[in-house]
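Every value quoted in this text rests on a predicted model; they were computed, and no experiment measured them. Atoms considered below: every heavy atom in the structure, side chains included; atoms not considered: hydrogens, waters and symmetry mates. Counting convention: from 1, in listed order, for ligands and their atoms alike.
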Amino acid sequence: MNERRLRVDPIACAAHGICAELLPELIDLDEWGYPVLTAPVPRRLTAAAARAVAACPALALRLERKPFA
Ligand code: SF4
């Protein structure tokens, strides 16, 4: 089983905040409007995370699959 995590490219991110609106369970915004991603993506939120990735206008958000060590 693989763990999935959201990653943000801090250079590409333009702080639109759309991702946090679409996925408030996993994405907070810092005081400048940049996303703060902490937790792994639970299986039940995988589809919602993929939608947030697709909706990012700056293509700054990705969903990575990492195998357990
Ligand atoms: S939607 Fe994309 S550009 Fe906007 S805050 Fe989220 S990661 Fe950054």
How close does the nearest protein non-hydrogen atom get to [atom], and which residue and atom is it?
atom                    : value
atom 3 (S) of ligand 1  : H16 ND1, 3.2 Å
atom 2 (Fe) of ligand 1 : C56 SG, 2.2 Å
atom 6 (Fe) of ligand 1 : C19 SG, 2.3 Å

Q: Check A50 against L63 and note the closest heavy-atom contact, atom names and distance.
A: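 Distance-wise, the nearest heavy atoms are N-CD2, 4.3 Å.
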Reported [atom1]-to-[atom2] distance for the pair [X] and [Y], which is rounded to 0.5 angstrom:
X   : Y   : atom1 : atom2 : answer
E21 : L29 : CD    : CG    : 8.5 Å
L37 : C19 : CG    : SG    : 7.0 Å
L6  : L45 : CG    : CG    : 9.5 Å

Q) Hey, are R5 and E64 close enough for a salt bridge, meaning a charged N less than 4.0 Å from a carboxylate O? A) no
Q: Provide the number and element of each atom of ligand 1 under 4.0 Å from a heavy atom of A58.
A: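 Here the atoms of ligand 1 in question are 3 (S).
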Q. What atoms of ligand 1 come within less than 4.0 Å of a heavy atom belonging to G17?
A.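 Near G17, the atoms of ligand 1 are 4 (Fe), 5 (S).
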Q. Do P57 and I18 have side-chain heavy atoms sitting under 4.5 Å apart?
A. yes
Q. Do any N/O/S atoms of C13 come under 2.8 Å of atom 8 (Fe) of ligand 1?
A.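 Of the N, O and S atoms in C13, at least one lies under 2.8 Å from atom 8 (Fe) of ligand 1, which means yes.
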Q) When you look for heavy atoms under 4.0 Å from ligand 1, do you find them on the side chain of A15, its backbone, both, or neither? A) backbone
